[in-house]
Amino acid sequence: MRLNGIKTTDEIVEMGIDKFNDACRASVLKYTGEWREYVTRQARWVDFDNDYKTMNPEFMESVLWAFKSLFDKGLVYEGFRVLPYCWNDETPLSNHEPAHGRRRLQDASGPGRHGRLRGHHARRACRA
């Protein structure tokens, strides 16, 4: 992460997880005013005042609740997929990170959990 010149996980721990998370949130929100202006100029309607952000705990909890509900119904299977991986941070990368091209990436395949709708659940989802 280039924020504050941080290059290793140890530097994050040294900085303090809470302080690091606060710096990340500030970085994410840095250009919200410009984004609002840009989207509005494009004549797109977005509810900026009642939005959700994937970094909000409430959003994360709702995703985990939905995944658990699918798991409890037997709609989750275990499989493998290839994904970009940061060997330095020992974490998978989000879809947009490899597009930045700021570092060499290696593919890693590993176990993952995937949701798949079966039977009438799949047919209902297609109609929605």
(message) Just to verify, what does N21 make a side-chain contact (heavy atoms from CB on, under 4.5 Å) with, not counting sequence neighbours?
(response) I17, R25
(message) I'd like to check the salt bridge (Lys or Arg N to Asp or Glu O under 4.0 Å) partners of D18; sequence neighbours left out, ordered by chain and number.
(response) none
(request) Without swapping roles, check the side chain of T40 against the backbone of R36 for a donor-acceptor pair under 3.5 Å. (result) yes
(request) Name all residues meeting the salt bridge (Lys or Arg N to Asp or Glu O under 4.0 Å) criterion together with D10; count only those two or more places apart in sequence or in a different chain, and write none if there are none. (result) none
(message) Checking one residue: W65. Which other hydrophobic residues are in its cluster under the side-chain 4.5 Å linking rule?
(response) none
(request) Show which residues join Y38 in its hydrophobic cluster (side-chain heavy-atom contacts under 4.5 Å, direct or indirect), or state none. (result) W35, V39, V46, F48
(request) Each residue besides V28 in its hydrophobic cluster should be listed here, by chain and number; the cluster joins Ile, Leu, Val, Met, Phe, Trp and Tyr at side-chain heavy-atom distances under 4.5 Å. (result) L29, M55
(message) For the CZ atom of F71 and the CG atom of L64, what is their distance to the nearest 0.5 Å?
(response) 13.0 Å
(message) Checking K68 now: which residues fulfil salt bridge (Lys or Arg N to Asp or Glu O under 4.0 Å) with it, not counting sequence neighbours?
(response) D72
(request) Could you note down all residue pairs passing side-chain hydrogen bond (donor to acceptor under 3.5 Å, both in side chains) where residues 51-63 supplies at least one of them, sequence neighbours left out? (result) D51-K53
(request) Can you sort out the partners of E37 under side-chain contact (heavy atoms from CB on, under 4.5 Å), two or more places apart, ordered by chain and number? (result) R41
(request) State which residues pass salt bridge (Lys or Arg N to Asp or Glu O under 4.0 Å) with D47; sequence neighbours excluded, sorted by chain then number. (result) none
(message) Is there a continuous path of hydrophobic side-chain contacts, each under 4.5 Å between heavy atoms, that joins V63 to M60?
(response) no
(request) Please name the pair of heavy atoms, one in E11 and one in G5, separated by the smallest distance, quoted to 0.1 Å. (result) OE1-O, 4.1 Å
